[in-house]
Amino acid sequence: MIRVLLAEDQAMVRGALAALLSREADIEVVAEVARGDTVIETALVAQPDVALLDIEMPGGGGLMAAQALRTALPSCRVVILTTFGRSGYLRRAMESGAVGFLLKDEPAKALAVALRRVMAGERVVDPDLAVASLSEGNNPLTSR
Amino acid sequence: VRGLGLDMIGVSRMGSAIRELHTARQTLARMKVEEERLRLARDLHDLLGQTLSVITLKSELARNLITEDPARCARELAEIEQVGRTTLREVRKTVAGYRQPQLSSELDSARQLLEAAGIEHSIEELHEELPQPLDAVLAWTVREGITNVIRHGRARRCLLNFVRERERISIEIFNDRQRAEDIAEQYTDRGNGLAGLQERVSNLGGSMEAGPLTLSGKQHFRLRVELPTQPTVLQEDGQ
Amino acid sequence: VRGLGLDMIGVSRMGSAIRELHTARQTLARMKVEEERLRLARDLHDLLGQTLSVITLKSELARNLITEDPARCARELAEIEQVGRTTLREVRKTVAGYRQPQLSSELDSARQLLEAAGIEHSIEELHEELPQPLDAVLAWTVREGITNVIRHGRARRCLLNFVRERERISIEIFNDRQRAEDIAEQYTDRGNGLAGLQERVSNLGGSMEAGPLTLSGKQHFRLRVELPTQPTVLQEDGQ
Ligand SMILES: Nc1ncnc2c1ncn2[C@@H]1O[C@H](COP(=O)(O)OP(=O)(O)OP(=O)(O)O)[C@@H](O)[C@H]1O
Ligand SMILES: Nc1ncnc2c1ncn2[C@@H]1O[C@H](COP(=O)(O)OP(=O)(O)OP(=O)(O)O)[C@@H](O)[C@H]1O
Ligand SMILES: [Mg+2]
Ligand SMILES: [Mg+2]
Ligand SMILES: [Mg+2]
């Protein structure tokens with residue numbers, strides 16, 4: 001069983017993702033949170049194998065949570081889930097120890113395959129998402 | 001000979017200044033375009049990313065629930081529908097916002113239009129950045145006013161001026177009219193250009209006047225819009 | 001004194017040239033921004049308006065079919081899902097595509113991407129300024145090639161090299177592949193990334209090869225693009 005923690009602020013997305021992933025025989029969603037700053041306390045209790053973290057969430061967001069997880073629960077692998085690449089996201093995700101950088105709208109089957117690969121020690125990056133976030137990152141006008 | 005030499009230096013300096021400005025001009029144009037692209041791209045991201053991922057995920061889920069849990073399937077579908085509809089409305093608003101005219105480019109167009117129509121003109125430039133809603137309403141005034149001058153005025157001359165006061169700004173578009181007898185026939189209020197403008201102006205707490213006017217014995221038409229620059233009711237004005 | 005006088009003339013000429021260029025610059029910048037805005041607004045509207053209307057209609061329809069015709073309900077849902085996902089992909093591509101890629105920054109991105117994907121790599125740098133159309137096509141090659149390496153290769157290693165000859169330049173992207181059995185399954189030509197690249201390459205009178213390759217008994221994939229540096233047909237290549 002792959003034990004998953006899901007952090008996503010948008011309730012509709014979180015609900016659908018949890019329901020879809022739970023349908024996979026070898027995946028169990030053991031915890032759901034809606035804020036970045038509740039990831040750690042929840043993870044310490046639920047002891048997930050993988051944390052799926054949205055980036056844009058209240059309470060510090062997924063990137064900060066990823067960083068914190070690395071020291072608080074080093075056994076937990078971090079996968080960033082997002083919709084669009086923004087400036088520097090890929091780089092920051094990797095710096096904070098994430099081993100996956102994936103699309104939220106990926107079919108559940110593909111997401112499940114990615115989670116299995118991550119559990120097998122591979123890194124999984126969606127190339128289009130990554131390219132998009134790099135493109136913006138190289139532009140000097142990016143910062144709002 | 002010596003003079004000529006110095007002149008030559010001047011010329012060569014001019015050459016390099018021109019080259020430099022040429023580059024600067026290109027860079028600036030590129031940057032502005034880029035900026036605009038990014039701004040829209042970002043708005044687009046925010047609006048769409050969430051909506052479309054919700055829709056995509058929910059439809060995948062609903063598909064798995066058709067026989068298993070038809071009631072929940074129906075709920076998911078109702079939500080998809082609602083999200084789709086709300087976003088559609090927002091896309092329309094966003095796009096309308098981007099089609100908002102800009103005063104500076106409307107003034108340019110006004111000059112070109114009057115030029116093309118063979119109407120002598122003097123169009124004042126406004127050297128001030130105004131808040132977007134104000135800028136937009138002034139731009140609409142120019143667009144509607146100048147269109148009217150060309151369409152109804154049979155004008156030979158057209159003037160466009162701004163008056164800037166401490167807490168208000170006004171714009172005036174004047175034109176003469178070829179024949180006095182046209183007036184009664186023409187100012188019939190039948191169009192909706194001015195009525196629409198009146199509405200936009202009122203939304204910002206401003207006032208508008210439009211009508212014939214006799215100046216030193218000659219018939220003119222004047223459109224005047226006055227707007228508070230610190231308005232009490234400052235609403236975004238869509239198109 | 002006399003020299004100074006002539007120099008002054010130069011300066012004053014320079015002044016008026018500067019003013020003129022300044023105006024030209026502003027006009028140009030404004031026009032481009034305006035144009036871009038409208039173009040984007042249109043793209044946005046076309047892309048989304050349609051997508052969202054389809055989604056809204058189909059979800060309403062599907063809801064009525066849950067018990068009546070579950071098979072058709074499933075088909076409608078599959079379509080909603082696909083439309084949503086495709087649109088998201090297009091938005092992502094559009095946004096990435098609005099930036100004319102530059103070889104040097106694509107090479108940087110390539111390194112970061114491969115790093116993130118945990119693929120060992122050696123990416124050569126090109127220390128030469130190339131004409132813009134050439135630079136752009138090489139940049140597209142890097143972007144498409146590296147994206148493919150990550151998506152299809154399940155590679156452990158990736159090499160990127162340039163070969164510079166007198167009148168041509170070529171770029172080669174190599175990767176190993178984890179399992180031999182993937183090849184047949186994967187090289188299906190179903191995408192349009194390589195087809196699009198082929199077109200850009202042909203526009204500059206160049207040639208492209210892409211396909212599997214066995215090197216010392218191991219399966220690899222190679223993408224190779226060769227471009228003339230003094231091409232006979234040198235067309236500006238848009239995005
Ligand atoms: N500059 C002008 N010179 C002379 N008559 C004018 C001028 N501007 C407006 N008018 C008169 O005022 C009327 C109302 O103008 P308005 O802009 O509201 O409508 P319109 O131009 O006829 O139609 P539209 O709805 O296309 O704008 C016009 O029909 C015309 O008779
Ligand atoms: N580096 C690679 N390693 C292995 N197979 C590859 C590689 N590059 C391309 N291929 C194969 O060639 C096919 C065509 O590639 P292409 O880039 O045209 O399409 P795609 O990547 O599948 O889709 P897209 O239109 O998004 O680029 C791929 O589907 C894949 O099977
Ligand atoms: Mg979020
Ligand atoms: Mg009118
Ligand atoms: Mg491809």
For each of C:Ala78, C:Ala62, C:Pro70, tally heavy-atom pairs with chain B at distances under 4.5 Å, and name the one with the top tally. C:Ala78
Crowded around C:Glu129 CD? As in, over 12 foreign heavy atoms under 6.0 Å? no
Using the side chain to side chain contact (heavy atoms under 4.5 Å, CB included) rule, pick out the option among C:Gln82, C:Glu81, C:Lys58 that qualifies with B:Ser59. C:Glu81
Name the one of C:Asn64, C:Ile66, C:Leu61 that satisfies side chain to side chain contact (heavy atoms under 4.5 Å, CB included) with B:Leu77? C:Ile66
Would you give the length of the straight line joining atom CG of C:Leu88 to atom CG of B:Leu52, rounded to the nearest 0.5 angstrom? 4.5 Å
Considering only NZ, NE, NH1 and NH2 on the basic side and carboxylate oxygens on the acidic side, decide whether C:Arg85 and B:Glu60 come within less than 4.0 Å. yes
Any B:Thr56 side-chain heavy atom under 4.5 Å of C:Val83 side chain: no
Nearest-0.5 Å distance, CD1 of residue C:Ile55 to CD1 of residue B:Ile55: 4.0 Å
